[in-house]
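Take a look at the structure set out below.
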Amino acid sequence: MLNIKFIRENEKMVRAAILNKNEKVDLDNVLNLDQEKRKLQFEYDSNKAVQNKLSKQIPTLKKEKKDVSEIMNNMKELSLKNKNILSELNIVSKKFNYAMLTIPNIPSTDVPIGRDESDNEFKYEWGKKPVFDFVPKDHLELAKINSLLDQQRATKMSSSGFMGYYDKGAMLERALINYMLDFHIQKHGYTEISFPILVNRKAMIGTGQLPKLENDMYRIEQDDLFLVPTAEVSTTNFYAEEILASKDIPVKFVSYSPCFRREAGSYGKETKGLQRLHQFNKVEMVRFVKKEDSYIALDEMKNDAEEILQSLGLHYRVMNLATGDLSFASAKTYDLEVWAPGTNRYLEVSSISNFEDFQARRALIRYRNENDKLEFVHTLNGSGLATPRLVISLLESYQNESGSIDFPENLKPYLK
RNA sequence: GGAGAGUUGCCGGAGUGGUUGAACGGGACGGUCUCGAAAACCGUUGUGGAUUUACGUCUACCCAGGGUUCGAAUCCCUGACUCUCCGCCA
């Protein structure tokens with residue numbers, strides 16, 4: 001959520017952000033509601049002031065045994081009038097609050113302006129594409145040869161878009177999760193947490209998935225709970241409605257969770273095999289930092305994620321997302337795209353984002369600064385990493401001509 | 001799922017209709033005292049909104065949302081959560 005005062009004073013910038021992010025928001029409506037709300041608030045406050053003042057006189061007058069019937073009658077009228085104003089104010093406030101939730105965050109100044117992912121800016125790459133003296137197979141062929149995946153049975157018991165891992169495949173995935181968690185905990189100083197993957201509406205609004213993406217989320221109607229699309233939701237909401245002491249931040253959390261995405265309308269879009277699933281596993285990093293530190297933290301987190309890929313010897317490139325590809329809540333996002341030689345594509349395995357105070361305003365996460373003043377924290381998160389595409393890249397990068405796989409040394413202790 | 005108890009400020013805890021943003025105690029912060037510290041004493045100590053150049057003023061908030069009333073932390077209704085006991089259960 002943006003600060004309404006900021007919106008009033010920087011209307012142009014907000015309009016540009018909405019346009020560049022391909023969002024459809026009626027900003028005029030927001031500004032009108034804001035004005036109307038303030039007008040009603042003023043009316044209510046000044047009427048209430050009169051009412052309170054008169055009301056305080058009543059007990060004294062009564063003690064002096066004076067007749068209060070006339071003043072009471074006047075008060076009745078005043079009170080009724082103000083109640084009407086209040087109910088109007090409540091209606092306008094609700095509309096205003098909702099409208100505020102539909103305004104996206106403003107992209108940082110060094111985010112390239114562009115329509116979609118084709119405008120993402122290439123920053124740099126690490127390693128080289130592996131060279132094979134045979135035609136590399138894609139991960140589905142390799143999985144078949146080694147009996148690692150079973151999509152048919154997953155679909156049988158669930159529905160399309162779900163994947164099953166079998167034998168060494170299941171072990172590999174579990175190994176990766178543990179490997180990455182240990183890596184971030186031991187080498188990068190994160191604290192592991194594990195919180196519900198079924199969360200309420202408020203939490204989903206807090207991190208910005210709602211109201212925009214309701215159709216892309218799995219929802220338990222009976223309880224109005226949502227399956228998280230990422231551990232970001234439960235991890236960032238850890239501190240919702242709390243005030244942190246200056247000494248308690250920065251906070252660095254890492255959390256593993258399954259992630260659920262309906263991906264409504266994305267069928268046929270590079271969905272083969274492990275590329276795009278309704279359910280997948282992911283290790284997620286989240287940071288809470290002071291506002292002046294968030295861009296340094298963003299770079300650190302990008303490195304944290306990169307080191308996983310480096311330690312596994314996988315070639316990848318780093319992209320600075322263009323405004324049109326940036327998520328609703330993000331101010332700046334780096335994507336790490338790992339190379340998959342058999343699929344012959346770069347695959348996104350990590351998004352690392354700085355939300356500045358956008359999520360903190362929604363979820364009400366604040367801290368006391370050195371001067372004891374309350375400030376909104378800056379929140380960040382980054383995948384570290386998502387397993388399915390990492391599995392694709394590992395299988396395809398480390399394949400032999402026979403179809404067997406030689407996993408990197410670092411992973412071997414986890415594969416026993 | 002059944003029965004009961006509760007939810008007040010940083011914490012403990014009072015407050016059952018009127019000047020209560022909230023007694024009292026603790027903590028924290030500032031000051032006096034001291035070579036320094038402790039003790040003692042004095043003072044300060046919430047958040048949002050509106051308005052103001054500013055000092056300030058007004059308003060809202062005692063789990064949330066409604067209601068009664070001239071007036072609600074206090075009465076009524078609905079909901080959430082916590083605790084205790086019983087049932088069920090990995």
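Protein chains get the first letters and strands the later ones, always in sequence-line order, with residue 1 at the start of each.
Between B:U47, B:A50, B:U59, one nucleotide has an atom nearer to the side chain of A:A49 than all others, and that is B:U59. In the set B:C70, B:G48, B:C58, B:C58 carries the atom at the smallest distance from any side-chain atom of A:D45. Set against B:U19, B:A60, B:A50, the side chain of A:K56 has B:U19 as its closest nucleotide.
Rounded to whole Å, atom P of B:G48 lies 14 Å from atom CD of A:E241. Look at CG on A:D372: it is 12 Å from P on B:C10, rounded to the nearest Å. The distance between atom CZ of A:F96 and atom P of B:G49, rounded to the nearest whole Å, is 11 Å. Rounded to a whole Å, the NZ atom of A:K81 is 18 Å from the C1' atom of B:G71. Look at CD on A:E242: it is 17 Å from C1' on B:G9, rounded to the nearest Å. As rounded to whole Å, 16 Å separates atom P of B:U59 from atom CD of A:E43. B:G71 atom C1' lies 15 Å from atom CG of A:N73, rounded to whole Å. Here B:G48 presents its P atom at 13 Å from CE of A:M1, a figure rounded to the nearest Å.
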Exercise. Given A:Y239 and A:F288, is the ring pair (Phe, Tyr, Trp, His ring centres under 6.0 Å) satisfied, shown in steps?
Worked result: CA-CA 9 Å; A:Y239 283 123; A:F288 302 83; 5.0 Å; yes

Problem set entry | side chain to side chain donor-acceptor pair (under 3.5 Å) evaluation trace for A:Y334 with A:K332 | CA-CA 7 Å; A:Y334 291 113; A:K332 179 170 180 172; 3.2 Å; yes

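For the pair A:D34 and A:K48, nearest-nucleotide mapping onto RNA chain B gives the more 5' position to A:D34. Of the two residues near RNA chain B, A:M72 and A:F42, the one whose nearest nucleotide lies more 5' is A:F42.
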For this session: Do nucleotides 63-69 of chain B as a string where each nucleotide becomes B, S or -: B if the base has a protein heavy atom under 4.0 Å, S if just the sugar-phosphate does, - if no protein is that close.
Result: ---S--B

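Nucleotides B:G6 and B:A22 are separated by 27 Å at their P atoms, to the nearest Å. Between B:G67 and B:C61, the distance separating the two P atoms is 13 Å to the nearest Å. On the P atoms, B:C11 is 16 Å away from B:G27, given to the nearest whole Å. The gap from the C1' atom of B:U47 to that of B:U8 amounts to 15 Å, rounded to the nearest Å. Across the P atoms, B:A73 and B:A60 are found 9 Å apart, a figure rounded to whole Å. Taking atom P in both B:C24 and B:A5, one finds a spacing of 32 Å when rounded to whole Å. Between B:U82 and B:A64, the two C1' atoms lie 15 Å apart (nearest whole Å). Taking atom P on both nucleotides, B:G17 is separated from B:G13 by 23 Å, rounded to a whole Å.
Within a 6.0 Å sphere centred on CZ of A:R8, other residues, nucleotides and ligands contribute more than 12 heavy atoms.
At the heavy-atom level, A:Q51 lies under 4.0 Å from the strands shown only through sugar-phosphate atoms. If you check every strand for non-hydrogen atoms under 4.0 Å, A:L374 touches sugar and phosphate atoms only.
Under the rule for a ring-ring contact (aromatic ring centres under 6.0 Å, His included), A:F6 has no partner lying at least two apart in sequence or in another chain. With sequence neighbours excluded, the residues forming a side-chain hydrogen bond (donor to acceptor under 3.5 Å, both in side chains) with A:T387 are A:E173, listed by chain and number.
Considering only heavy atoms from C-beta on, A:V338 comes within 4.5 Å of A:L314 through its side chain.
Looking at A:L395, A:V283, A:N281, A:L312 one by one, the single match for side-chain contact (heavy atoms from CB on, under 4.5 Å) with A:L390 turns out to be A:L312.
Residue pairs that meet the side-chain hydrogen bond (donor to acceptor under 3.5 Å, both in side chains) test with at least one member in residues 199-211 of chain A, sequence neighbours left out, are A:R201-A:E214, A:R201-A:D224, A:K202-A:E241, A:T207-A:Q209.
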Exercise. RNA chain B in dot-bracket, Watson-Crick or G-U pairs under 3.5 Å, [ ] crossing, | other strand?
Worked result: ((((((((.[[[..)..(.....]]]((((((.......))))))((((((....)))))).[[[[[..)....]]]]])))))))....

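Not a single donor-acceptor pair, N or O on each side, falls under 3.5 Å between the base of B:G71 and the side chain of A:N52. With hydrogens and angles ignored, a donor-acceptor pair closer than 3.5 Å exists between the side chain of A:K62 and the base of B:G18.
At least one test fails for A:K212 against the ring of A:F328: distance under 6.0 Å to the centre or angle within 45° of the axis. Annotation: cation-pi geometry satisfied between A:K187 and A:F183 (NZ/CZ under 6.0 angstrom from ring centroid, within 45° of ring axis).
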Could you run down the sub-3.5 Å N/O contacts of the protein with nucleotides 43-45 of chain B?
none

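Two rings, from A:Y218 and A:F226, have their centers 6.0 Å or more apart. Between A:H315 and A:Y346, the ring centre distance stays below 6.0 Å.
Closest heavy-atom contact between A:T323 and A:N20: OG1-O, 3.0 Å.
Contact annotation: A:R368 side-chain N/O to B:U47 OP1/OP2 distance is under 4.0 Å.
Side-chain contact check for A:Q41 and A:D45: at least one donor-acceptor pair (N or O, by modelled atom type) lies under 3.5 Å.
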